Participant: 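Dropping a structure here in structure tokens format, bear with me for questions.
Letters A, B, ... are given to chains in the order of the sequence lines, protein chains preceding strands, and every chain is numbered from 1. Predicted model only: the values in this text are computed from it and were never measured.
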Amino acid sequence: MTEENQDENKLIAQRREKLTAIRAKRVAFPNDFVKEDTSSDLIKNHEAKTKKELDELAVTAVIAGRIIRMRGPFVVLQDGSGQMQIYINNKSYSDEQAEEIKSFDLGDIIGVHGEMFKTGKGELTLRAATFELLTKSLRPLPDKHKGLTDTEMRYRQRYVDLIVNEESRKIFQTRSRIMRFIRQYFESLDFMEVETPMMQVIPGGATARPFITHHNALDQEMYLRVAPELFLKRLVVGGFERVFELNRNFRNEGLSTRHNPEFTMLEFYQAYARYQDLMDLTENLFRKIAIDIGGSSKVSFQGSEYDFAEPFARLSVTDSIRKYCSVADDTVFASAESVAALANSLEVNFDENWSKGKILMEIFDQKVEAQIDQPTFITEYPIEVSPLARRNEENPEITDRFELIIGGRELANGFSELNDPEDQAERFKEQVAQKDSGDSEAMHFDQDYVTALEYGMPPTAGEGIGIDRLVMLFTDSASIKDVLLFPHMRPQQDPT
RNA sequence: GGGGCGUUAGCUCAGUCGGUAGAGCAGUUGGCUUUUAACCAAUUGGUCGUGCGUUCAAGUCGCACACGCCCCA
């Protein structure tokens with residue numbers, strides 16, 4: 001439906017007429033109302049008082065909010081803190097005022113001044129002595145009982161969803177609380193929050209397709225970052241030994257219940273730490289978030305129960321394949337040929353030209369990951385798929401790296417950092433070779449990053465945590481769109 | 001990329017075998033005025049996602065497209 005058609009709607013036309021009448025009389029959108037109280041504070045301060053006590057105290061209050069219910073002389077106002085019932089009996093006012101009360105619509109924003117009292121049924125209520133329409137709402141609200149349930153409209157018009165669906169408001173309040181908690185947590189560990197470029201000349205830090213843009217004045221191709229990693233490690237070279245960044249990444253990939261083209265990532269780097277230290281830190285962080293958000297170390301998510309007081313399982317990539325694909329014969333992990341044969345027998349789709357490590361990860365991605373429900377650190381990632389991670393000292397085929405899987409979803413990825421500049425240069429060369437042979441996700445060669453490593457980066461461990469998926473976990477949300485205020489949507493069709 | 005489901009009033013949803021489009025809420029008018037999904041009476045409101053086709057007749061059957069949701073790769 002076009003805007004013009006919507007404007008022809010009778011419900012909107014009626015409200016527009018009311019607005020026109022208001023404009024003729026006074027300032028239609030005043031901004032001088034001084035709000036003094038919030039509904040949650042009024043409830044907190046006066047809910048316990050008896051009807052008689054309240055009458056004797058004669059508590060005055062000034063609140064403002066949106067009309068979300070009307071029951072005869074009772075009007076429910078919703079403000080940023082909650083809801084408060086107002087009593088406006090239009091027989092107690094002048095004819096002109098009574099007319100104005102009658103003209104109020106669901107959705108209008110009004111300011112009210114009066115005295116607090118309790119109704120016959122004991123509900124704390126504000127008796128309006130004076131009232132003022134602050135903002136006329138022209139569009140009708142969704143169903144007062146069922147709210148807005150159409151998922152498409154909830155995402156496209158999040159503001160309407162937020163007005164009428166409390167659960168939706170709660171998710172985003174929880175999200176904000178998680179973000180705040182994470183900042184406090186890292187600051188308490190002496191990490192410094194930093195901001196590094198989102199527009200990069202060489203996109204790096206992850207194997208993913210970037211968005212491309214153009215800088216006009218410099219006539220230069222630029223990329224939206226797929227990760228802040230290489231800049232954060234430059235800061236470790238510079239001497240900031242503990243840094244974190246909590247902000248947006250952009251990846252030019254498909255949409256799904258777990259993927260949005262822009263998403264929020266926490267990345268942090270700690271000098272003189274090893275990947276094992278970060279696994280411990282991650283366990284501790286998840287446990288504390290659970291307790292801060294839900295008051296308990298236990299979290300239920302999509303039918304599963306997780307207790308973050310318990311230590312997380314730790315399993316190597318090959319052990320996880322053994323366990324979840326019932327592989328009895330260890331020799332299958334010996335060569336690329338035998339791993340390819342295993343992949344074939346498990347009906348895993350892969351490219352015959354791929355290396356052993358890449359095929360292993362394909363088996364993991366297609367057959368193992370979704371089966372891992374309880375919090376599990378997967379370790380010993382192949383070197384070919386870990387171009388920025390430190391090589392393991394005993395086994396040169398693997399890196400000192402882990403990923404955290406919960407509910408079949410990757411939540412975090414961390415490793416001891418590769419700080420050998422010559423090894424890093426070699427790894428970049430291999431990535432460039434893969435890019436040249438058609439892998440659009442392979443990394444670019446970042447010479448300045450190698451130069452930085454040549455100045456010397458202390459032994460360091462770093463990690464990224466997908467914040468949207470983490471919020472999904474702690475709000476029991478099935479889709480990433482439920483935890484993004486404005487998820488990416490295809491444009492609506494224009495019916496002309 | 002493949003498959004399934006959905007799209008009807010502002011919102012939430014019915015709509016039988018193809019035969020003049022229904023309800024609740026919201027809105028409008030009046031009543032009531034310490035209610036609690038307030039209540040009582042009356043009442044307005046439709047490009048049935050878009051397009052093409054089959055048919056005497058399409059919300060309903062067929063095809064295509066758009067958007068959304070779910071599953072698979």
Participant: I'd like a table of atom pairs between the protein and nucleotides 71-73 of chain B - only N or O on both sides, under 3.5 Å - with the distance next to each one.
Facilitator:
| residue | atom | partner | partner atom | Å |
| --- | --- | --- | --- | --- |
| B/A73 | O3' | A/N349 | ND2 | 2.4 |

Participant: If only side-chain N and O atoms of A/R490 are considered, is one of them under 4.0 Å from the OP1 or OP2 phosphate oxygen of B/G68?
Facilitator: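 Checking A/R490 against B/G68: at least one side-chain N or O falls below 4.0 Å of OP1 or OP2.
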Participant: Quick one: which of B/G68, B/C25, B/A26 gets closest to the side chain of A/L106?
Facilitator: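 The answer is B/A26.
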Participant: Is it true that A/F211 and A/F250 have ring centroids separated by less than 6.0 Å?
Facilitator: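 For A/F211 and A/F250, the ring centres are not under 6.0 Å apart.
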Participant: Between A/D439 and A/K358, does any side-chain N to carboxylate O distance fall below 4.0 Å?
Facilitator: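 Yes, A/D439 and A/K358 are salt-bridged.
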Participant: Taking NZ, NE, NH1 and NH2 as the nitrogens, is one of them in A/E100 or A/R26 under 4.0 Å from a carboxylate oxygen of the other?
Facilitator: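 A salt bridge links A/E100 with A/R26.
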Participant: Looking only at non-hydrogen atoms, find the nearest pair between A/F428 and A/H444 and report the distance.
Facilitator: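 Residues A/F428 and A/H444, closest heavy atoms: CD2-O, 3.5 Å.
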Participant: Output the single nucleotide from B/G30, B/A26, B/C32 whose closest atom is nearest the side chain of A/K102.
Facilitator: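 Selected nucleotide: B/G30.
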Participant: Heavy atoms from C-beta onward define the side chain here; which of B/U35, B/U12, B/C67 lies closest to that of A/D150?
Facilitator: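 Looking only at heavy atoms from C-beta outward on A/D150, the closest nucleotide is B/U12.
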Participant: Using a 3.5 Å limit for the pairing distances, which stems of at least 3 consecutive Watson-Crick or G-U wobble pairs does RNA chain B take part in?
Facilitator: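 Consecutive-pair runs (3 or more) involving RNA chain B: B:1-7 with B:66-72, B:10-13 with B:22-25, B:27-31 with B:39-43, B:49-53 with B:61-65.
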Participant: Return the polar atom pairs (N/O with N/O) between nucleotides 40-43 of chain B and the protein under 3.5 Å, or none.
Facilitator:
none

Participant: A/N9 side chain: which of B/G10, B/U34, B/C69 is closest?
Facilitator: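 Among the listed nucleotides, the one closest to the side chain of A/N9 is B/G10.
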